[in-house]
There are 2 protein chains.
Amino acid sequence: MRLTLLGTADARQVPVYGCQCPACSAALLDPRLRRLPCSALIECDDQRWLIDSGLTDLTERFPPRSLSGILQTHYHADHAQGLLHLRWGQGLVIPVHGPVDPEGLSDLYKHPGILDFSQPFSAFEARQFGALRVTALPLVHSKPTLGYLLEGEGRRIAYLTDTVGLPDATQHYLQRQPLDLLVLDCSMPPQPQAPRNHNDLSLALHTIEELQPGSAVLTHIGHTLDAWLMEHRHELPERVVVARDGMVL
Amino acid sequence: MRLTLLGTADARQVPVYGCQCPACSAALLDPRLRRLPCSALIECDDQRWLIDSGLTDLTERFPPRSLSGILQTHYHADHAQGLLHLRWGQGLVIPVHGPVDPEGLSDLYKHPGILDFSQPFSAFEARQFGALRVTALPLVHSKPTLGYLLEGEGRRIAYLTDTVGLPDATQHYLQRQPLDLLVLDCSMPPQPQAPRNHNDLSLALHTIEELQPGSAVLTHIGHTLDAWLMEHRHELPERVVVARDGMVL
């Protein structure tokens, strides 16, 4: 089972348009420091699922019939706007499994095109796709949002964006069996006040402590966290690393 | 005054994802035949306005402060989705002038970021931006939609997508003074039934006949029209040409 982080940014991406902070200035100069919309690809035996669809070049990246389908965490634009063009394809159907969200994004439900939104996940529902088992985990965000537990080929990975902390039920569910890998929302450096909608580093590290995964990767990184990490990277605990676009886990 | 066609496709773009028609097959092989979301750039003296924002790489194409603003014809995703990321910039404000549309696109009005939607156009309202005069022309479409009359440096250009025919008032307005150039929606080859929401070639040629511009450029081209044109291009009247991405007028 192979997880590739296609994008690792918060909604603003890195560099932020017009920003001259040290992180954005560095990313303007070095494409390796850029961050695209937060999304990933999970591959397990013959299964190949895209997690979130905020990248706007999906028709270029994924030839027709190369994806088994799409696991949507939620329908904010930076996680779903690639669907706005992908839907107009023809000659194939792409299942999009995500949370129950009556609003979705824009007119996607009204004009779904080749996208099949008919099978949203219930909380803690598990689905078996060939060798890949996917369980939907409720998260805490400003829209209905799911994380995913991905199990297959002897590994157990949780992919949890966008969230601020975890609901008790999700935390207890994940504590029952150890994770090999936790990929977790961490949008901001430590904040003086409790953050809303997304983890800051303090809350992300607290969640990692609670779940005790084999290793943890921080994603959904904002430019202020990237700037903070330029000074503080050595302060991260062992077995906690910061995501980069293209990282294979 | 210089008009550059940045994209010339209908909502599906060319090639259509998964399509194997002659036009899509040719466009897969030859990037010059591809069509991106329908949009343009009008430049006049020190003014530089983007017409529609469906391109999703606006932050790459237009460095901060390089645009005077955006003229929005309407808020369908293929004409507006580039705004969903552009809004998260900082340190500048970009005016977006378009039709009054209470819905806009997705949550753009709720979270406008650096975009200023506060000055929508009224029907036939004219605004002077330095040497460029812009008049908003009501069109016929499935959402509130405006075309634009662009006047400056001795030229008179009308840019009219998305529309099926023209409202009488707009037609009469444009007939009062001759156009040097008409850029017009023509999404489909001639249809057996009257088309909805977009011009077919028959209706586009009828409109050109009514307005008698110096020349006419067909844009918002769908793949079925591109395929039809492979056989019939020589049948277009004199002074009527088919747009290409990157065309400078």
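Values below: every heavy atom of this structure, side chains too, minus hydrogens, waters and symmetry copies. Throughout, protein chains are lettered first and strands after them, A, B, ... in sequence-line order, and every chain is numbered starting at 1.
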*How about L6(B) and L50(B): do any of their side-chain heavy atoms sit closer than 4.5 Å?*
yes
*With a 4.5 angstrom heavy-atom cut-off, which part of E60(A) approaches chain B: side chain, backbone, both or neither?*
side chain
*For D185(A) and S187(A), test the side chains for any donor-to-acceptor distance below 3.5 angstrom and give the result as yes or no.*
yes
*asked:* Give the interface residues of residues 101-110 of chain B toward chain A, defined by a heavy-atom separation under 4.5 Å.
replied: L105(B), S106(B)
*Heavy atoms under 4.5 Å from chain A: which residues of residues 67-83 of chain B carry them?*
A77(B), Q81(B)
_4.5 Å side-chain heavy-atom contact, L249(B) and V217(B)_ = yes
*For a ring-ring contact (aromatic ring centres under 6.0 Å, His included) with Y148(A), tell me which candidate from F121(A), W49(A), Y159(A) qualifies.*
F121(A)
*Answer yes if the side chains of D10(A) and H198(A) hold a donor-acceptor pair under 3.5 Å, and no otherwise.*
no
*asked:* Can you list the residues of residues 136-147 of chain A that sit under 4.5 Å from chain B, counting heavy atoms only?
replied: none
*Between H220(A) and D162(A), is any pair of side-chain heavy atoms under 4.5 Å apart?*
yes
*chain B heavy atoms under 4.5 Å from P15(A): which part of the residue, side chain, backbone, both or neither?*
neither
*So which part of P37(B) gets closer than 4.5 Å to some heavy atom of chain A, the side chain, the backbone, both or neither?*
neither
_Do W228(A) and L201(A) make a side-chain contact, defined as non-hydrogen atoms from C-beta onward lying under 4.5 Å apart?_
yes
_Contact class of H111(A) relative to chain B, heavy atoms under 4.5 angstrom_ = neither
*Quick one: of R65(B), R34(B), R87(B), who has the most non-hydrogen atom pairs under 4.5 Å with chain A?*
R34(B)
*Check whether any side-chain heavy atom of M247(B) lies under 4.5 Å from a side-chain heavy atom of T4(B), and answer yes or no.*
no
*For chain A, which residues of residues 90-100 of chain B have at least one non-hydrogen atom nearer than 4.5 Å to it?*
Q90(B), L92(B), I94(B)
